[in-house]
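What follows is a short report on a single structure.
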Amino acid sequence: MEKTFQPAQFEDALYKEWEEKGLFTADNTSKKKPFSIILPPPNANADLHLGHAMYVYEDIMIRYHKLMGYETLWLPGADHAGFETQFVFEKHLAKQKKSRFDYDRKTLYKMIWDFVHENRDKMENQLRKLGFSLDWSRRKFTLDEDTVAIVLNTFKKLHDEGYVYRANRLVNYCTHCGTSFSDLEVSDKEVEGKLYYIDFPLTDGKGSLTIATTRPETLLGDVAVMVHPADPRYKDHIGKTVTLPIVGRTIPIIADEYVDPEFGTGAVKVTPNHDFNDFAIAKKHNLNHPPVIGFDGRMKNTGTEFDGKKVGPAREGIVERLKTDGLLKEIKDHHMVVKTCYKCGRTLEPLPLEQWYVKVRPLADRALASIEKGDVTFNTPAFKNRAVEWLTNFHDWNISRQIVWGIQIPAYRCISKNEWFVSVEPPSKCAICSECTFEQDTDTFDTWFSSAQWPFTTLKTTQPGDFDFFYSTSVMETGYDILPWWVCRMLMIGLYATDAVPFKSVYLHGLVRDIKGQKMSKSKGNVINPLETIEKYGCDALRASLVFEVGDGADQRLYDDKIRAMRNFANKIWNIGRFLEMNKTPPPPGTPLERGESGTSEAMLKALKKEYEDVKIEYHKNMKASKFSAGFGVAYEFLWHRFADFYIEALKQDLKDGNISTYQALEEVYLDSLRLLHPFVPFVTDAVYKQFCGKCILET
RNA sequence: GGACUCGUAGCUCAGUUGGCUAGAGCGUUGCAUUGACAUUGCAAAGGUCACAGGUUCAAGUCCUGUCGGGUCCACCA
């Protein structure tokens with residue numbers, strides 16, 4: 001063995017050897033019991049970060065089960081990550097002073113395609129750097145033709161069976177990113193805003209009604225003023241009309257219990273197309289007015305000079321105008337929450353738009369039942385509760401996105417009758433009037449709609465027999481932060497499409513933070529790059545530090561000292577091997593040892609074996625209970641502080657004397673303990689193991 | 001407003017169903033060792049396990065409350 005421990009010198013070669021020997025390749029005709037995990041497909045738009053390194057928990061499970069005699073499959077993939085990728089790509093375009101508007105749909109798609117494939121190769125090599133025992137012969141991409149076909153079929157099935165419908169509702173729309181979102185992609189932001197008190201003159205000339213609003217610009221699209229039916233202040237106003245400032249339209253004063261008399265003046269304006277609550281109220285009272293804000297974020301349909309102005313300047317202008325007209329009573333500071341785009345951070349605009357929705361309730365109920373029955377289990381009760389809470393409260397899911405990068409929705413509109421039909425294959429003629437030149441929906445699916453199907457779109461398209469042998473998969477391991485986005489939706493859609501749970505258990509891990517507990521981000525400059533860390537300390541050190549003394553599913557802080565400590569452990573593993581190798585010396589001629597007689601060490605060797613047996617029991621107990629940190633801790637403590645510090649130190653002289661039975665006993669325990677540690681620190685354990693056995697650990 | 005989670009040595013954290021003098025890594029102090037490893041070994045200092053009650057033969061561990069940190073969801077004209 002080399003004198004010094006230098007992981008960078010053997011890791012890549014060892015990984016290559018594992019791959020070439022087919023140690024990660026699954027056999028779906030095996031007689032062994034299956035154990036399968038689908039890798040959460042990383043977005044093919046950037047380098048891997050520490051979050052991806054947390055997939056080490058999957059590698060631990062896979063390697064452990066392989067060593068325990070299971071037929072394992074860990075299936076790698078990449079996600080096209082629709083909106084996320086388009087967003088990243090637009091940033092690249094911006095650097096070249098270009099934008100998505102400079103290209104037609106096809107060109108833009110092709111450009112992103114090339115960008116993604118370049119990134120995908122890089123990303124996959126980074127997964128190799130992490131030592132992950134992925135079956136590369138089965139790698140998949142969410143835009144592979146065969147997986148896309150399955151996604152389209154699922155959509156059609158959902159549609160035909162009434163679980164997907166098209167509706168014109170208000171959506172959360174980002175006028176900068178140019179797309180709508182589901183409820184989950186909306187992030188709340190607290191801001192110090194203003195509350196404007198505005199007089200709406202009564203049409204009969206007898207005074208005015210003061211309303212309070214945070215969005216004066218939307219008054220151009222108002223259809224009513226609303227008060228609480230029991231509010232004594234406004235009892236006489238109900239049924240009268242007011243004249244809308246600036247535009248001069250006459251609108252009614254209506255009553256609805258929705259109004260909170262305590263807030264503002266107790267009188268509220270109703271703008272059907274730009275506020276979710278008002279939308280519902282206006283529908284109830286059968287009132288409407290065209291939208292006054294467009295998808296470009298500019299005012300329209302107001303018949304005023306504000307048409308064409310962006311919302312912000314329009315608000316300022318309108319406030320000025322109200323002041324001039326003497327209708328602005330007061331402006332108060334108002335602490336409020338605005339819904340913003342989770343990606344670009346700009347304020348979202350509620351706008352009316354026709355979209356495809358998944359009717360979530362029946363699907364979620366089935367998912368809840370599967371959890372209830374225990375068909376799916378969670379690694380902690382808290383995560384189970386959170387999943388149940390989400391599944392109980394899900395709203396219908398908007399799956400339409402106004403972006404080009406993704407799977408175009410297989411829905412077609414009959415132009416002459418303005419009706420929609422769904423068809424997996426591009427139809428040759430209109431299915432409704434059979435004459436018109438119908439057109440396909442330009443929208444693409446929410447990425448999560450295809451991700452939600454990933455466990456079966458992959459297994460149904462890798463190798464014949466894979467689905468039958470490996471589905472339902474054994475574990476879904478991912479970060480708890482995407483429980484609602486991904487895990488819950490996989491459960492819902494998986495149950496619907498395959499009549500079986502997509503995974504039998506869910507293992508959620510926590511977030512990796514910096515030493516102060518802050519989220520890592522480029523702007524804060526506190527990012528630990530996994531690849532640089534591997535370069536510096538070795539892959540095993542990084543992997544071990546993400547597992548060592550970490551609570552189940554808990555967030556953790558990662559820092560250089562911890563990684564170094566784990567590198568030291570890897571070094572220890574290496575040097576124990578070196579020491580044993582150096583002491584594999586025959587006993588001097590003519591001594592009792594040469595005749596094979598055991599020395600004084602017999603009792604100690606017996607104690608060692610006993611202790612090791614106990615350690616193994618403890619280790620397997622933890623591993624089987626998915627207490628990986630504890631399992632690692634047990635093996636760590638034993639090898640370093642018992643085996644090396646205590647037994648080797650005590651038997652050192654005996655070993656140097658050439659006591660072959662001492663040597664053999666130590667070697668046996670050492671090599672076996674390498675197998676316990678292998679799932680956590682695969683490189684160093686295998687590098688040493690090969691020196692002694694000539695084979696890789698997973699080969700034996 | 002609803003829910004979850006955490007508060008254990010200077011720092012970062014483990015502590016499984018309540019059970020012997022409360023553990024680890026890093027850091028600190030002393031000693032040793034330069035023929036496995038200074039990426040080492042031995043030893044030491046350091047904690048009234050946030051606080052206050054309660055259950056129990058026994059509580060860091062269970063229950064209630066308080067304080068403090070974090071997270072998620074809902075509402076907000």
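Residue numbering restarts at 1 for every chain, and letters A, B, ... go by the order of the sequence lines. Fair warning: this is a prediction, and the values are worked out from it, not measured in the lab.
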task = Describe the nucleic acid contact of A:Val270 in one word from base, sugar-phosphate, nothing, applying a heavy-atom distance below 4.0 Å.
result = nothing
inquiry  = Surrounding NZ of A:Lys240 (heavy atoms of other residues, nucleotides or ligands, distance under 6.0 Å), is the total greater than 12?
reply    = yes
ask   = Which part of the nucleic acid does A:His274 contact within heavy-atom distance under 4.0 Å: base, sugar-phosphate only, or nothing?
value = nothing
remark   = If pairing means Watson-Crick or G-U wobble with both distances under 3.5 Å, then the partner of B:U66 is B:A50
request  = Classify the nucleic acid contact of A:Arg567 as base, sugar-phosphate or nothing, counting any heavy atom under 4.0 Å across all strands shown.
outcome  = base
note = Result for ring-ring contact (aromatic ring centres under 6.0 Å, His included) between A:Trp640 and one of A:Phe638, A:Tyr636, A:Phe643 points to A:Tyr636
query = Which part of the nucleic acid, if any, lies within contact of A:Glu649, taking any heavy atom under 4.0 Å across all strands shown: a base, the sugar-phosphate backbone alone, or nothing?
reply = base
inquiry  = Between B:A77 and A:Phe263, is there a base-stacking contact, meaning the centre of the base's six-membered ring lies under 5.5 Å from the residue's ring centre while the planes stay under 30° apart?
reply    = yes
Complementary nucleotide for B:U56 - Watson-Crick or wobble, under 3.5 Å = none
inquiry  = Under 4.0 Å, counting only non-hydrogen atoms across every strand here, what does A:Gly264 touch: a base, just sugar-phosphate, or nothing?
reply    = nothing
request  = Would you mind classifying the nucleic acid contact of A:Leu195 as base, sugar-phosphate or nothing, using non-hydrogen atoms under 4.0 angstrom?
outcome  = sugar-phosphate
message = Once you apply a heavy-atom cut-off of 4.0 Å, does A:Phe569 come out as touching a base, just sugar-phosphate, or nothing?
response = nothing
query = How about A:Trp574 and A:Phe683: are their ring centres within less than 6.0 Å of each other?
reply = no
inquiry  = So for A:Lys572 and B:C37, does any side-chain atom that can act as donor or acceptor lie under 3.5 Å from a complementary atom in the base?
reply    = yes
key: Distance-only donor-acceptor check, side chains A:Tyr537 and A:Asp560, under 3.5 Å   = yes
message = Looking at B:A3, which nucleotide sits across from it as a Watson-Crick or G-U wobble partner, both distances under 3.5 angstrom, or is there none?
response = B:U71
request  = Would you indicate what A:Met582 reaches in the nucleic acid, counting non-hydrogen atoms under 4.0 angstrom: base, sugar-phosphate, or nothing?
outcome  = sugar-phosphate
Watson-Crick or G-U wobble partner of B:G41, both distances under 3.5 Å = B:C31
